[in-house]
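Please read all numbers here as calculations on a predicted model, not as lab measurements.
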Amino acid sequence: MKEELQSELKGHLGLISGLLLIVTVILGSGILVIPGLVFEKLGKDGIYAWLACSLLSAPILVTMVFLGSAYPSTGGVAYYAKLAFGQYLELLVSLLFLGATVLGLPSIAIVGATYLQKLTGSRVDVHLLATLFILLAACFALSSNATLASWVRLAGGSSLSLLVGVLVVLLMLAVRANGVRFNGPADLSSIAGQIPLIFFSFAGWEIASHLSADFRNPKTTFGPAMLLAFILVCCLYITSAALVHVSDIKSNFDTPVFQAALQVAPTAPGWLLPLLGTALIAANLFGSVVAVSRLVLYLSGQRVLPACLGYLRNGTPRNSVYCVAACLIAVVIADQIRLLNIEMMFCLAGMNFLAIYVISAMALARLRRGPVSWLLAGLVVIPAAPIMLSTKSSLIYIGSTAFIAYFSNRNNRARLL
C-alpha cells in the first residue's frame, strides 16, 4: 500500500459535493430540538430570534470564506492564526478546536444513538450505539478521494432531501390548518437573551474551514460553496422555526417537529422523525470526522503531534482518522462512567468555538488590512465578548487551554533550538 508523508491533500471536491459536505457539518439534531426550546420561552417572538441570529452569524461566515479562499489549508483556523500571530496562537486555536470537537462530537453521537433506539426499538445501550456511529463515520472518512465525494453526495443529499421534504410538507399542512399570523416582535430584550442558545446551532463554519484544501479549486469554489451552504442552512432553520410558530405547539417543546407532526399530520408514520434525526446526525458525524482528521494531519506536519499521524495512504490520512475515532470513543466511555455529561460537553464545546471565531476575525483583520476586514472583525468580536464573559466555567477552561498552549509552545521552540 502506497504511503507518503504529506502536509496537504489533493483536492477532490467540486461545488456540489463540497456544498453538501459543509451542510452536513453544520446541520445536526439541533434543528429538531432548539426551535421548540426557543418557542417555549419566547412564543411568537421565537422566529425573530432565529432571524437575528442568522444576521449575526453572517460576518462569521464571510470571515471564514475570505480566509479559506485566500489561504486554503488542512490547518484551517489554526493555520490562519499562525499566519497572523505566530505559532503560539496556532497551537492555542488547535487545542481549542480539538477540545471542542472531541467533546462536542461524542455528544452528537449519543443524541443520534437515542434516535436510533427509537427508530429500531432497540434496547442496546446508547453508548454502544454511539460508538457504532463513530466507527461508521471513521469508515466514511477512510474512503478514497473519489469514493468520499460519492459518499458525500449520497449521505448529504439523502439526509438533506429528507429534511427539506418533511419540513416543507409539515409547514404546508400547518398553514392550511391554522393560517399564517406573524406580528411584530414584542420583547426585544427577551429575543436577545435567546440568541446564545440559537447561536451554537450555527457553529461549524470553523470546522468547514479545514476542508478548503479538499476542493479541487479552493480559490474559486470554496467561497461559493460556503455561501450557498449558509443560505441553505439559514432557510432550513427559519423554516423549522416557522413550523413551530404556525403549529403553535403546547407541549413536548424538546421535540417540536414531532409535536407539530402530531398536531397537523396525526396519521404520519411514527418512524419518520426518528429516521430523520438518525440520518441528520450520521451525516453530521461523517463530515465532522473528515474535517477534524485534516487538522490532525496538519498538526503532525507542524510537529505538534506525532509524525506518524501525517502519513497518507492512497491519498487518505488513515492514521489521523484512527486517532480522531479513538479520542471520540474515549469520551463516550467517559460519559458512560459519568466522568462527563452531555450538558457540560456541549457548553465547553460551544465556548471553544466562540473563542476560535474571535481569533479568526482578528486574524482576518491583520492579514487583509482594510475597512472591510476591520468591520467584519468588529461584527464578530463585539457580540461575542459578552457571551464569553457570561460563563465563568468556560472562561476558566479556555484560560487553562491557553496556559497549556503557552508551555507546549515554549517546549516545542526549545526542542527545535
Heavy-atom closest contact (A49 atom, V38 atom, distance): CB-CG1, 4.4 Å
Minimal non-hydrogen separation, I249 against A260, with atom names: CG2-N, 3.9 Å
Less than 4.5 Å apart, side chain to side chain, heavy atoms only: is that true for L96 and I398? yes
Sequence neighbours left out, what passes ring-ring contact (aromatic ring centres under 6.0 Å, His included) with Y406? Give chain and number order. none
Under 4.5 Å between any side-chain heavy atoms of I359 and L92, yes or no? yes
Which pair of heavy atoms, one from A138 and one from A325, lies closest together, and at what distance? CB-CB, 4.0 Å
Taking only distance into account, with no hydrogens and no angle test, what donor-acceptor pairs under 3.5 Å do side-chain atoms of residues 56-64 form with protein atoms, sequence neighbours excluded?
from, atom 1, to, atom 2, distance (Å)
S57, OG, C53, O, 2.8
T63, OG1, P59, O, 2.8

Pairwise side-chain contact, L367 with L67, heavy-atom cut-off 4.5 Å (strictly under): yes
Answer whether the closest heavy-atom distance between the side chains of I31 and Y237 falls below 4.5 Å. yes
Who passes salt bridge (Lys or Arg N to Asp or Glu O under 4.0 Å) against D125, sequence neighbours left out? none
I need the C234 SG to W50 CH2 distance, nearest 0.5 Å. 10.0 Å
Expected output: side-chain S17 to main-chain G14 donor-acceptor under 3.5 Å: yes
Would you tabulate the side-chain donor-acceptor contacts of residues 266-284 under 3.5 Å, counting partners in other chains and residues two or more places apart, or write 'none'?
from, atom 1, to, atom 2, distance (Å)
T278, OG1, P274, O, 2.8
N284, ND2, T24, O, 2.8
N284, ND2, V25, O, 2.8
N284, ND2, L27, O, 2.8

What is the distance from atom CG of L211 to atom CE of M226, rounded to the nearest 0.5 Å? 9.0 Å
What's the verdict on side chain to side chain contact (heavy atoms under 4.5 Å, CB included) for S247 and Q263, showing C-alpha distance, side-chain angles and the deciding distance? CA-CA 7 Å; S247 300; Q263 293 182 193; 4.2 Å; yes
Sorted by chain and residue number, the ring-ring contact (aromatic ring centres under 6.0 Å, His included) partners of F286 (sequence neighbours excluded) come out as F140
Would you check if the side chain of T101 reaches a backbone N or O of L98 as a donor-acceptor pair within less than 3.5 Å? yes
Please name the pair of heavy atoms, one in A109 and one in I134, separated by the smallest distance, quoted to 0.1 Å. CB-CG1, 4.1 Å
As an exercise, state the distance from CG of D45 to CD1 of I191, rounded to the nearest 0.5 Å. 4.0 Å
Filter on ring pair (Phe, Tyr, Trp, His ring centres under 6.0 Å), then keep only pairs touching residues 119-139, sequence neighbours left out; what's left? none
Residue set satisfying side-chain hydrogen bond (donor to acceptor under 3.5 Å, both in side chains) with Q117, at least two apart, ordered chain then number -> none
Listed by chain and number, what are the side-chain hydrogen bond (donor to acceptor under 3.5 Å, both in side chains) partners of S122, not counting sequence neighbours? none
I need the minimum non-hydrogen distance between Y71 and Y80, along with the two atoms involved. O-CE2, 3.4 Å
Taking ring-ring contact (aromatic ring centres under 6.0 Å, His included) as the test, write out the residues that go with F222, two or more places apart. F215
Drop me the distance from D214's CG to T74's OG1, to the nearest 0.5 angstrom. 8.5 Å
Any heavy-atom pair between the side chains of M362 and F85 that's under 4.5 Å? yes
Is it the case that the ring center of Y357 lies less than 6.0 angstrom away from the ring center of W205? no
Under the 3.5 angstrom rule, does the side chain of S161 hit a backbone N or O of S158 as a donor-acceptor pair? no
Any chance you could lay out the side chain to side chain contact (heavy atoms under 4.5 Å, CB included) test for S360 and I356, step after step, and finish with the verdict? CA-CA 6 Å; S360 297; I356 290 170; 4.0 Å; yes
So do H245 and Y48 actually touch side chain to side chain, heavy atoms under 4.5 Å? no
Using the ring-ring contact (aromatic ring centres under 6.0 Å, His included) criterion, which residues pair with F97? Sequence neighbours excluded. H210
Report yes if the side chains of S190 and K41 come closer than 4.5 Å at any heavy-atom pair, otherwise no. no
For L243 and T239: C-alpha separation, side-chain torsions, deciding distance, then whether side chain to side chain contact (heavy atoms under 4.5 Å, CB included) applies. CA-CA 6 Å; L243 170 63; T239 301; 5.7 Å; no
Shortest non-hydrogen contact from A141 to V289? CB-CG1, 3.9 Å
Atom pairs and distances, side-chain donor-acceptor, residues 368-389, under 3.5 Å, sequence neighbours left out:
from, atom 1, to, atom 2, distance (Å)
S373, OG, R368, O, 2.4

Take V331 and D335 through the side chain to side chain contact (heavy atoms under 4.5 Å, CB included) test and state the conclusion after the steps. CA-CA 6 Å; V331 174; D335 182 78; 5.8 Å; no
For K118, does the NZ atom sit with more than 12 other heavy atoms under 6.0 Å from it, leaving out its own atoms? no
Sequence-distant partners of D248, side-chain hydrogen bond (donor to acceptor under 3.5 Å, both in side chains), two or more places apart: K250
Hey, could you give me the CG/CG distance between L160 and L232, rounded to the nearest 0.5 Å? 5.0 Å
Are P224 and L15 packed together at the side-chain level, in the sense that at least one heavy-atom pair is separated by less than 4.5 angstrom? yes
When rounded to the nearest 0.5 angstrom, what is the spacing between CG in L21 and CD1 in I26? 10.0 Å
